[in-house]
Number of protein chains: 2
Amino acid sequence: MISATSEFTSSDLAFMEFALEQAKSAMSNLEVPVGCVFVEDGEVISSGSNRTNETRNATRHAEMEAIDLLLERWQKAGLSLPEVTEKFSKCVLYVTCEPCIMCAAALSILGIKEVFYGCANDKFGGCGSILSLHEGESEQPSGCPRGRFRCRGGLMASEAVGLLRSFYEHGNPNAPKPHRPDPSLSKARATVPRGDAVIAKRPGKKDLQGGIPTPSVPPEEAFVPTSQLDLDTG
Amino acid sequence: MISATSEFTSSDLAFMEFALEQAKSAMSNLEVPVGCVFVEDGEVISSGSNRTNETRNATRHAEMEAIDLLLERWQKAGLSLPEVTEKFSKCVLYVTCEPCIMCAAALSILGIKEVFYGCANDKFGGCGSILSLHEGESEQPSGCPRGRFRCRGGLMASEAVGLLRSFYEHGNPNAPKPHRPDPSLSKARATVPRGDAVIAKRPGKKDLQGGIPTPSVPPEEAFVPTSQLDLDTG
């Protein structure tokens, strides 16, 4: 799934630059920095960035933001559902982090043509890391009404990781104190809230007590930047 | 996953009746009849029905409609993201058809407590039929930031199937003619558009040409009502 930057075209790089700008915009709004753009016929037709904090909605990932923008526009233009699907079938998504399972399933339902992503999401990724929803029915029982789409990762991954690392190194001001582990309390059992992400190598078991899943992070690994980020916002 | 109706409480039945009313409302609007309600502390706090045709958005499943209604309300009330998650952790969803992979992932991200569904969605179901996203990290590598939720199917399944069967027996007026197989043309190769569903035992391979996945249905099996429905709208 991961490819060297040299394997991508200059257009791919330019579009991912645009997606990274969206991620930076998210970061300036104190959101986890993930961004994306949809491209049709070589033109950016929609963009989005993670807005989980602002909307208090943990599902408002960058992809969902950009998708809703597109759909609203196409609905206003009077396109029918098959016409919308036809439009999506020509769209390419550039997103700074691998789409999560929910977003990958949505992209499949909508019939996206192709996805390029930056860094992998090895905790919730739906395009190869945890599940391979982009592979459509090929991995499923025959007849599953999900669309297959092409997918390549590793496009400007270091830039995407750099943004996320920078965000977490400076702390997430929107993270409520009781859920935000204090690195200085390295002996304490660290937990993070849902909708937030931790840069850690191997988060431990989730604590489902109280209904809010709080992945515990082994103290010695909390906030150790790696190239694989634990995200549920991409 | 499937349980006899006698195993459910009278409250469960009452809430699923409400969800079925939403499904009937969808049908009256010429939408695929799938409906749901969210319940908190024994009270219905949100409801939704499939609106894929009206919105020209194949992802506007009943669950997403009801979720967005709830989130909008909680956002207006000024709840923080952790408070929203805390609220979801007390919510029970009753939905007439098994949540699809996208919806099940969204429910997991949001931290839902429990789901009761009617009929299984054996082509796109995310709660046991195709994937088991309700099982959270237990089936995934440790540390996956997805929440586990309880899930039971088979609650008034026959009623849910009956609605869907009735809808398809009368034909879906929103389905564009070229994609809508005419039952009288039983020898022809029948195809259905994305966002639509076919009552058939074993749909064949998908035709991804042209970008609109159109699961082909072996003629002899098209529109043969079964208890397992091929849905991508639940």
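Values below: every heavy atom of this structure, side chains too, minus hydrogens, waters and symmetry copies. Letters A, B, ... are given to chains in the order of the sequence lines, protein chains preceding strands, and every chain is numbered from 1.
B/Thr55 has its side chain out of reach of A/Leu81: every pair of non-hydrogen atoms, C-beta onward, lies at least 4.5 Å apart. Contact check for B/Ile109 versus A/His61: side-chain heavy atoms found under the 4.5 Å cut-off. Here the side chains of B/Leu131 and A/Leu133 are in contact, with some heavy-atom distance below 4.5 Å. The side-chain heavy atoms of A/Ser108 and B/Ile101, taken from C-beta on, include no pair separated by under 4.5 Å.
Closest non-hydrogen pair, B/Glu54 versus A/Gln75, comes out as O-NE2, 3.5 Å.
Rounded to the nearest 0.5 Å, atoms CZ (A/Arg56) and NZ (B/Lys76) are 13.0 Å apart.
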